[in-house]
Every structure is written in C-alpha cells, then in structure tokens.
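Handing you a structure now.
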Amino acid sequence: MATYGDALSALADPTRRAIFERLVDGPKTVGQLAEGLPVSRPAVSQHLKVLKEAGLVVDRAVGTRRVYQLNPAGLGALRAWLNRFWDQALAAFAAAAESEGKHEHD
C-alpha cells in the first residue's frame, strides 16, 4: 500500500510532476502525455510506473493502449496528510493573532 511518503517522493521529480499535472485535465495515453516533454515515450512509461506504485495514478486498457488517470484515493491520502499541517498552521495563526490582539488592548 502506497503512503504519502511514496507520493511525495514520486512528485519530487520534475518530469513526473509534469506528467501528473497533465492528468488533471482527464485521462490520457502515454503518447498524449509524452507530447512536448523532453523525454521518450518509454521514459514516460517508466515515470507513470513510479506514479502508479505511489498510488497517484491508475491505468486501464483501451484496445491496445493504456490510458492513465489520477487516482482519487491516492490523492485523498496525500491531501489528508497535508491537511493535518494546514489545520495546525491555521490554529497556530489564530492563537497568535488572538494573543497579539490581547496585548494591543493592555
């Protein structure tokens, strides 16, 4: 089972991030994903394998092609991990603002 650490490691590579971002618009084949990238189709396939192992994308067969799309479950796990930090940061900000407000009225 992939973890948020696997997802972060997979997205650390700029080419994988570019491929991942191209899938935001919807499912695509390897050929569509490779268009305009400075790497070959086989390299794109290898990057997709890493993204798939990290739980960020899923694929399905359509005829003789593989079509890739974002994996909502993998994205949900990554988002839940990030939300932990977001929630803590907002709470700390609110506490600091409240504390500062009390000092201004003293």
Side-chain angles (χ1 to χ4, degrees):
M1 181 173 160
T3 66
Y4 69 84
D6 297 328
L8 292 173
S9 292
L11 293 173
D13 181 273
T15 302
R16 277 195 288 276
R17 237 183 356 266
I19 293 167
F20 179 80
E21 290 170 3
R22 288 175 181 214
L23 289 170
V24 170
D25 297 331
K28 292 184 176 47
T29 64
V30 173
Q32 291 170 318
L33 291 166
E35 288 176 18
L37 287 177
V39 295
S40 66
R41 282 184 184 196
V44 169
S45 292
Q46 288 300 310
H47 284 297
L48 285 164
K49 180 180 177 188
V50 173
L51 290 168
K52 185 177 176 181
E53 289 171 355
L56 293 171
V57 301
V58 292
D59 64 331
R60 59 186 161 79
V62 177
T64 59
R65 297 180 179 183
R66 307 260 356 130
V67 176
Y68 291 84
Q69 64 187 47
L70 295 180
N71 180 2
L75 289 173
L78 181 58
R79 183 175 181 184
W81 181 77
L82 290 169
N83 279 344
R84 242 184 54 218
F85 295 99
W86 180 252
D87 293 343
Q88 288 174 340
L90 286 178
F93 177 76
E98 186 177 305
S99 175
E100 191 170 303
K102 286 181 183 176
H103 291 309
E104 287 178 4
H105 295 295
D106 289 342

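Predicted, not measured: the structure shown is a model, and the values here were computed from it. The residues of the chain are indexed from 1 along the displayed sequence.
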(request) Check the pair Leu23, Leu70 against side-chain contact (heavy atoms from CB on, under 4.5 Å), reporting the backbone distance first and the verdict last. (result) CA-CA 6 Å; Leu23 289 170; Leu70 295 180; 3.7 Å; yes
(request) Flag the pair Leu11 / Leu51 as yes when at least one side-chain heavy-atom distance between them is below 4.5 Å, and no otherwise. (result) yes
(request) Using the test side-chain contact (heavy atoms from CB on, under 4.5 Å), find all partners of Ala7 that sit at least two apart in sequence or belong to another chain. (result) Leu56, Leu78
(message) Let me check something: do Leu75 and Leu33 share a hydrophobic cluster, defined by ILVMFWY side-chain heavy atoms less than 4.5 Å apart, either directly or through other members?
(response) yes
(message) I'd like to know if the side chain of Arg22 and the backbone of Lys28 have a donor-acceptor N/O pair within less than 3.5 Å.
(response) no
(request) Determine which pairs satisfy ring-ring contact (aromatic ring centres under 6.0 Å, His included) with at least one residue from residues 4-23, sequence neighbours left out, and list them in order. (result) Tyr4-Trp81
(request) Report yes if some heavy atom in the side chain of Val58 is under 4.5 Å from a heavy atom in the side chain of Tyr68; otherwise report no. (result) no
(message) So does Trp86 get a backbone contact from the side chain of Asn83, meaning a donor-acceptor N/O pair under 3.5 Å?
(response) no
(message) Are the side chains of His47 and Asp13 in contact, using a 4.5 Å heavy-atom criterion?
(response) yes
(request) Look only at the side chain of Arg41 and the backbone of Val30, and say whether a donor-acceptor pair between them is shorter than 3.5 Å. (result) no
(message) If you define the side chain from C-beta out and look only at heavy atoms, does anything of Thr15 sit under 4.5 Å from Val39?
(response) yes
(request) Is it possible for you to say whether Leu82 and Val24 belong to one hydrophobic cluster, with membership spreading through side-chain heavy-atom contacts below 4.5 Å? (result) yes
(request) Answer yes or no: are there more than 12 heavy-atom neighbours, outside Phe85 itself, under 6.0 Å from its atom CZ? (result) yes
(request) Could you name each residue pair satisfying salt bridge (Lys or Arg N to Asp or Glu O under 4.0 Å) that touches residues 59-72, not counting sequence neighbours? (result) Lys52-Asp59, Asp59-Arg66
(request) Examine Val67 and Leu48 and state if one hydrophobic cluster contains both, with Ile, Leu, Val, Met, Phe, Trp and Tyr joined whenever side-chain heavy atoms are less than 4.5 Å apart. (result) no
(message) Between Ser9 (side chain only) and Gly5 (backbone N and O only), is there a donor and an acceptor less than 3.5 Å apart?
(response) yes
